[in-house]
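All remarks here apply to the structure that follows.
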Amino acid sequence: MAASTSVVPVAVTAAVAPVLSTNSDFSDLREIKKQLLLIAGLTRERGLLHSSKWSAELAFSLPALPLAELQPPPPITEEDAQDMDAYTLAKAYFDVKEYDRAAHFLHGCDSKKAYFLYMYSRYLSGEKKKDDETVDSLGPLEKGQVKNEALRELRVELSKKHQARELDGFGLYLYGVVLRKLDLVKEAIDVFVEATHVLPLHWGAWLELCNLITDKEMLKFLSLPDTWMKEFFLAHIYTELQLIEEALQKYQNLIDVGFSKSSYIVSQIAVAYHNIRDIDKALSIFNELRKQDPYRIENMDTFSNLLYVRSMKSELSYLAHNLCEIDKYRVETCCVIGNYYSLRSQHEKAALYFQRALKLNPRYLGAWTLMGHEYMEMKNTSAAIQAYRHAIEVNKRDYRAWYGLGQTYEILKMPFYCLYYYRRAHQLRPNDSRMLVALGECYEKLNQLVEAKKCYWRAYAVGDVEKMALVKLAKLHEQLTESEQAAQCYIKYIQDIYSCGEIVEHLEESTAFRYLAQYYFKCKLWDEASTCAQKCCAFNDTREEGKALLRQILQLRNQGETPTTEFLLGVQMFTVRNRGEKRSK
């Protein structure tokens, strides 16, 4: 590793570097497996357990290596030998979360591995104290300024090492984490990029970098190493940036080159389909994943979100009980149980479980957002705002939190605030019709009707999920006395409802038929008016109006009234297929 040759003996560097350096393609899967097994061991030795698990899971998805090709452990340096006793003792303390004790026995050690564990123990000790103080003193919704007191000292020490080019890939990773925690985002990005060049196999550095990228433009300007690990990074960041088509293509490419058995890739594909609201596809993949890896807990909170949306109570109940048996004190388990109680409309209990999740991990994004939703259900707007703001602090790309804030300020009748938050949500999800409809409603309240019309039409064009954009656009045209445009919107709305093939309760269906009946009546198009008036009779709220209009049409027909040419001009002929479905309203 180039950045660490000034300290690590040349013989050791020469022995390890060929394995740690990576190619840009996937032509040699055996070599990739060797690299993954090696980095899994190196990260485990340094207490970087999530990176170690990720590498081990990926290695497991590749074919087993014959004995002759198994990689021996890296050779021990003179410095490692001198620090071996202190490192072994400190690592034992570290593993049982006695971080101060571990740091005490590592003080003064010179080897790279011991120095990293020394600094990392100090960092985690500060984080643990900060989290304990946050939970014990302030509660999960307070906005207190509790800080990790160790961060500034760590930054000073690591900065000196960095300037002297004495940090290896792991040291650079920790330096980047400290900078990020101090909100020095630009410096943190530069250090993480450097870490990926020095040690491209360390997934933790890629993941931290991913959390700091806010848009695709920012991604273009990063000078990333040309390595196969970059493909995993790009797939992950595309998913985070809601560039789902690109993400799915990347993951499909990774499956094609040999990672078809990777549970990580399968779960990421399921998350991607969840993000574009392809619920059936996402549910199918999650169910398959559960069969392959029945004790998996990661991403099960996302799975529970899908079950919640589909109101699958029994399946959600089974999932909650199952995860409780595996590990009841995992944040994902608490979120699943919270979703279960929310589906049963027990919102106080649901909020309690989301709070429990945040006691376990105060930076867990999903729990903050879901807790915000629960407070909204309980009409506790101030608590909801706090929860959503915390979610944004954890991840500024969480469109659900921005959207939730918009809804909260809408309840508080503060349209300018509302507009700001909906705009932010729309920027993150430009093709999500719900964001566009919300924006349109906001513009309408601010009497910016031209902008409102654009939003409603765009929502329809991108695929209106809730089938409401055309109705809102039609009502806006009504308000502006643009009767022909309003009629066209109602016609499209009715056609969309009947062409989707689903027998669903559409609350605005009667409104559309009533307007069209009156519109055709004014145009003296008796057949069309009569058809729509008959449809009105199927709904409780428009039945009497429909009957009255039918009587008027019959009278006028008997008097020999005919439609005039000017009324016929520009009118689109409309016939609704009479399906004969009975609707009880």
Side-chain angles (χ1 to χ4, degrees), residues 54 176 180 183 185-186 188-190 192-193 195-196 200 203-255 264-279 281-282 285 298-299 301-302 305-306 363-366 368-369 388 390-406 420-436 438-439 458-459 462-463 465:
W54 185 86
R180 177 179 64 78
D183 293 323
V185 176
K186 187 179 181 303
I189 290 173
D190 292 340
F192 284 130
V193 169
T196 61
W203 178 240
W206 292 100
L207 208 53
E208 286 287 348
L209 185 59
C210 181
N211 292 334
L212 298 176
I213 306 302
T214 53
D215 54 53
K216 197 172 182 179
E217 286 302 310
M218 200 171 172
L219 186 61
K220 286 178 184 175
F221 291 105
L222 292 182
S223 174
L224 298 170
D226 191 15
T227 163
W228 58 266
M229 284 286 288
K230 183 180 174 182
E231 295 303 302
F232 283 93
F233 165 76
L234 289 174
H236 190 92
I237 189 66
Y238 286 155
T239 307
E240 291 292 307
L241 294 175
Q242 307 297 328
L243 302 168
I244 304 301
E245 284 185 23
E246 293 95 322
L248 288 172
Q249 185 58 56
K250 286 285 181 189
Y251 283 125
Q252 189 56 53
N253 293 344
L254 291 169
I255 287 172
Y264 163 76
I265 291 176
V266 173
S267 68
Q268 285 295 106
I269 290 171
V271 169
Y273 279 116
H274 163 268
N275 288 354
I276 55 170
R277 297 181 69 80
D278 191 338
I279 296 171
K281 187 78 172 172
I285 296 170
E298 290 95 336
N299 302 120
D301 50 337
T302 304
N305 291 342
L306 295 163
R363 289 190 62 80
Y364 195 72
L365 173 66
W368 283 118
T369 308
Y388 288 136
H390 273 288
I392 289 164
E393 281 179 17
V394 174
N395 185 354
K396 287 184 172 60
R397 293 191 305 258
D398 183 28
Y399 76 92
R400 296 169 304 168
W402 291 109
Y403 185 62
L405 279 169
Y420 170 75
Y421 291 117
Y422 281 146
R423 273 178 177 163
R424 292 298 297 264
H426 171 58
Q427 285 166 5
L428 292 164
R429 299 269 290 187
N431 293 321
D432 192 321
S433 63
R434 294 167 302 163
M435 314 299 146
L436 286 158
L439 263 178
R458 172 76 177 147
V462 297
V465 174

Identified side chain to side chain contact (heavy atoms under 4.5 Å, CB included) partner of Leu439 from the options His426, Arg458, Arg434: His426
Rounded to the nearest 0.5 Å, what separation is found between the [atom1] atom of [X] and the [atom2] atom of [Y]?
{"X": "Phe221", "Y": "Ile189", "atom1": "CZ", "atom2": "CD1", "result": "12.5 Å"}
{"X": "Asn211", "Y": "His236", "atom1": "CG", "atom2": "NE2", "result": "6.5 Å"}
{"X": "Leu428", "Y": "Lys396", "atom1": "CG", "atom2": "NZ", "result": "12.0 Å"}
{"X": "Leu243", "Y": "Ile276", "atom1": "CG", "atom2": "CD1", "result": "12.0 Å"}
{"X": "Leu234", "Y": "Met229", "atom1": "CG", "atom2": "CE", "result": "11.5 Å"}

Whether Trp54 and Phe232 hold their rings parallel, tilted or perpendicular, with breakpoints at 30° and 60°: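 Ring orientation of Trp54 relative to Phe232: perpendicular.
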Using a 4.5 Å cut-off on heavy atoms from C-beta on, say whether the side chain of [Y] contacts that of [X].
{"X": "Glu208", "Y": "Leu212", "value": "no"}
{"X": "Leu405", "Y": "Arg424", "value": "no"}
{"X": "Thr196", "Y": "Phe192", "value": "no"}
{"X": "Tyr264", "Y": "Leu254", "value": "no"}
{"X": "Glu246", "Y": "Lys216", "value": "yes"}
{"X": "Leu248", "Y": "Tyr238", "value": "no"}
{"X": "Arg400", "Y": "Asn305", "value": "yes"}
{"X": "Ile237", "Y": "Leu209", "value": "no"}

Closest approach of [X] to [Y] (non-hydrogen atoms, all atoms of both residues):
{"X": "Ser433", "Y": "Ala459", "answer": "CB-O, 3.7 Å"}
{"X": "Ala272", "Y": "Ile244", "answer": "O-CG2, 3.6 Å"}
{"X": "Ala205", "Y": "Ala195", "answer": "CB-CB, 4.1 Å"}
{"X": "Ile392", "Y": "Ala401", "answer": "CG1-CB, 3.7 Å"}
{"X": "Trp206", "Y": "Pro200", "answer": "NE1-O, 2.7 Å"}
{"X": "Leu436", "Y": "Pro430", "answer": "CD1-O, 4.0 Å"}

Residue pair Gln242 / Tyr399, side-chain donor-acceptor N/O under 3.5 Å: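 Short answer, no.
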Donor-acceptor pair between Asn395 and Arg363 side chains, under 3.5 angstrom: no
Aromatic ring proximity, centroids under 6.0 angstrom, Tyr403 and Tyr422: yes
Main-chain N/O of Ile213 paired to Arg397 side chain as donor or acceptor, under 3.5 Å: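 It does hold such a pair.
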Under 3.5 Å: donor-acceptor pair, side chain of Trp203, backbone of Phe233: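 No; judged by distance alone, with no hydrogens or angles, the pair does not exist.
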Verdict with supporting geometry, Asp398 and Trp368, side chain to side chain contact (heavy atoms under 4.5 Å, CB included): CA-CA 11 Å; Asp398 183 28; Trp368 283 118; over 6 Å; no
Charged N-O contact under 4.0 Å between Arg429 and Asp432: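 Salt bridge present between Arg429 and Asp432.
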Lys230 atom NZ, neighbour heavy-atom count above 12 within 6.0 Å: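 Atom NZ in Lys230 is packed in, count exceeds 12.
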